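Here's the structure, in structure tokens; my notes come after.
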Protein chains: 2
Amino acid sequence: MARPPRKAASRRRKGDVAADEAVYGAIRRAMHMGRLSPGAKLQEPVLARVLKVSRERVRKALHRLVHEGWLTAVPNRGTFVPALSVEEMRNIYDVRSMLEEGIVRRLSREASSIVAQRLRAHITEERAATRSGDRGRLFALSGEFHILLAELCGNDELSKLLRGLLTRSTMHFSLAAPERLHNCAGPHEHGDIVAAILDGKGERASKLMLSHLRGLVALQSARPPAKAVSLEEAFRGISAAR
Amino acid sequence: MARPPRKAASRRRKGDVAADEAVYGAIRRAMHMGRLSPGAKLQEPVLARVLKVSRERVRKALHRLVHEGWLTAVPNRGTFVPALSVEEMRNIYDVRSMLEEGIVRRLSREASSIVAQRLRAHITEERAATRSGDRGRLFALSGEFHILLAELCGNDELSKLLRGLLTRSTMHFSLAAPERLHNCAGPHEHGDIVAAILDGKGERASKLMLSHLRGLVALQSARPPAKAVSLEEAFRGISAAR
DNA sequence: GCGTCAAGTAATGTGCACATTATGTCCGAC
DNA sequence: GTCGGACATAATGTGCACATTACTTGACGC
């Protein structure tokens, strides 16, 4: 016979796959909002108490974040927010350059009407966000532009890879300059790239994208001195309830 | 006071970070040797018994492998060897093309004498392995060639990314055609690419690499019907002891 | 006064027991 | 004979208790 239940069916949900995602998202949000300074230590008991979940769930989320490159783990020491050197950052943008150069080249070669429509719609949204001064929206749109380009290639591997690189890039913007309006130099640069793509000018689009990315690297030079705050403060208003 | 030890210092090693790596490597080796067919289910209790480790350690290794793309996890179902579709494979090679095209272009532009030396040494090794008929060595060298190119660029992010893509590519060679001599069409193709790089012919090197990668995709067309074996047989001779 | 070392404390790491879920099997009804 | 459902079994998922390690505080010796 089957083992008799002891605690008589606790009210916990069945799948609970959403709980992992919630914890993961909460930590990710805190980083994206610039609440965690580079070098900060993410203690499991504290996070478990703040997010109202078990320590094992926090551990799992931290492991995932470490594996994705968001955090750095030191054995028997803990998990930390990485303080990326300028060289690491430059490397990320180098890889992005290679991929995104290929992306705009391909899109310039074979841009369908659907692609053109989605690109133009995105630029329109960016301009609207700029006019209305919606900082958060523009920040998100600026990043999504690069994701959109990758997705329009129809290659899932490509999208996934670039998404990882981009999140790590934009994280540094959040950490370095949360007060900045947007992570990309301006919507008009995106507009120029789109125009070149839709004109079939692959070379020009490629060059514009490369200089655009170079501009982003330059923006990262000045980094504020990163004030340290407690985890309780960092996660104020952020929960795993979602 | 501190909690008194109960079992009086078991003989387990201190760090035990090597144990995780050993389990991870054992599973990875089994896949690389073509012992696990696509669709095979990796059961935690079986692996724990075969590899002589705890189930939690197996779980951790499986989670890592899933996150790296080697395995696929279905909630409450288990972990499986993915049966990659031809489209997924084509996507991987597409991304590889973008990255490796940029790599050879860069190396052609700024190839130092050290780079030249290492490239020539690698080609020499490949030729020696071909002459002596050492299948395993040649197989490994063929893959490492692409890794070497990435590493010579001096970009850690690039190396790491390409390594992930390449292992997934070569895994399919192992799964699809373990009896094949090498995963690349031949060492002479690698030699031609190196020659073009060292001559500073970026365009030619780029075109050679692209056709080389296209050739690899073509090799994958014929896939044998994947006979199913038990995990005990698959891991015969493979242990976590290393 | 300063460096060194030892004990306490709180973190991380891990094995275990239990709950939950899916799968396979058998029996019965139609 | 086949379809449907309930039960048994074995897997996965998770919280908990404990071991181990690192850091901190304090005292002692030089």
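So that the names make sense, note that chain A is the first sequence line, chain B the second, and so on, each numbered from 1. Just so it is clear, the model here is predicted, and its values are computed rather than measured.
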Checklist entry - Does the pair R137(A)/E144(A) count as a salt bridge with the N-to-O cut at 4.0 Å? => result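 So R137(A) does not pair with E144(A) through a salt bridge.
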
Checklist entry - Under 4.0 Å between a Lys/Arg side-chain N and an Asp/Glu carboxylate O for E21(A) and R64(A)? => result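 Salt bridge: yes.
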
Between [X] ([atom1]) and [N] ([atom2]), how many Å, whole number?
{"X": "K41(A)", "N": "dA22(D)", "atom1": "NZ", "atom2": "C1'", "result": "8 Å"}
{"X": "E56(B)", "N": "dC16(D)", "atom1": "CD", "atom2": "P", "result": "16 Å"}
{"X": "H63(B)", "N": "dT14(C)", "atom1": "NE2", "atom2": "P", "result": "15 Å"}
{"X": "N76(A)", "N": "dC23(D)", "atom1": "CG", "atom2": "C1'", "result": "13 Å"}
{"X": "L42(B)", "N": "dA11(D)", "atom1": "CG", "atom2": "P", "result": "13 Å"}
{"X": "R55(B)", "N": "dG13(D)", "atom1": "CZ", "atom2": "C1'", "result": "8 Å"}
{"X": "L62(A)", "N": "dA11(C)", "atom1": "CG", "atom2": "P", "result": "14 Å"}
{"X": "L231(A)", "N": "dA11(C)", "atom1": "CG", "atom2": "C1'", "result": "13 Å"}

Checklist entry - Within the side chain of K41(B), is there an N or O that forms a donor-acceptor pair under 3.5 Å with the backbone of R77(B)? => result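 At least one qualifying donor-acceptor pair exists.
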
Next on the checklist: Under a 3.5 Å distance rule, please check whether H190(B) uses its side chain to pair with a backbone N or O of H146(B) as donor and acceptor.
Outcome noted: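 Not at all, since once roles are kept as given, no pair shorter than 3.5 Å links the two residues.
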
Checklist entry - End-to-end bend of the helix from dG1(C)-dC30(D) to dC30(C)-dG1(D) (five-pair axes, 10° rounding)? => result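 Both end axes considered, the difference amounts to 10°.
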
Checklist entry - Of the non-hydrogen atoms in F80(A) and G39(A), which two are nearest, and what is the gap between them? => result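 Minimum heavy-atom separation between F80(A) and G39(A): CD2-O, 3.9 Å.
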
Item to check | Gap between atom CD1 of I103(A) and atom CE of M98(A) - 0.5 Å precision | outcome: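 Rounded to the nearest 0.5 Å, the CE-CD1 separation comes out at 13.5 Å.
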
Between [X] and [N], is there a contact of a side-chain N or O with OP1 or OP2 at under 4.0 Å?
{"X": "S54(B)", "N": "dT14(C)", "value": "no"}
{"X": "K60(B)", "N": "dG13(C)", "value": "no"}
{"X": "R59(A)", "N": "dT12(C)", "value": "no"}

Item to check | pair R59(B)-H63(B): side-chain heavy atoms closer than 4.5 Å | outcome: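 Yes - at least one pair of side-chain heavy atoms lies under 4.5 Å apart.
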
Checklist entry - So do the side chains of V53(A) and L47(A) get within less than 4.5 Å of each other, counting heavy atoms only? => result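 A side-chain contact is absent here, since even the closest heavy-atom pair is not under 4.5 Å.
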
Checklist entry - Which ones in residues 43-52 of chain B lie close to DNA chain D, meaning a heavy atom under 4.0 Å from one of its atoms? => result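 Output list: Q43(B), E44(B), P45(B).
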
Next on the checklist: For the residue pair Y24(B) / E68(B), report whether a side-chain donor-acceptor contact shorter than 3.5 Å exists.
Outcome noted: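 Yes - a donor-acceptor pair under 3.5 Å links their side chains.
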
Item to check | Check: dG13(D) base within 3.5 Å donor-acceptor of R77(B) side chain | outcome: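 Per atom types, no contact qualifies.
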
Item to check | Comparing P75(A) and G78(B) on DNA chain D - which has the more 5′ nearest nucleotide | outcome: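 Closer to the 5' end of DNA chain D: G78(B).
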
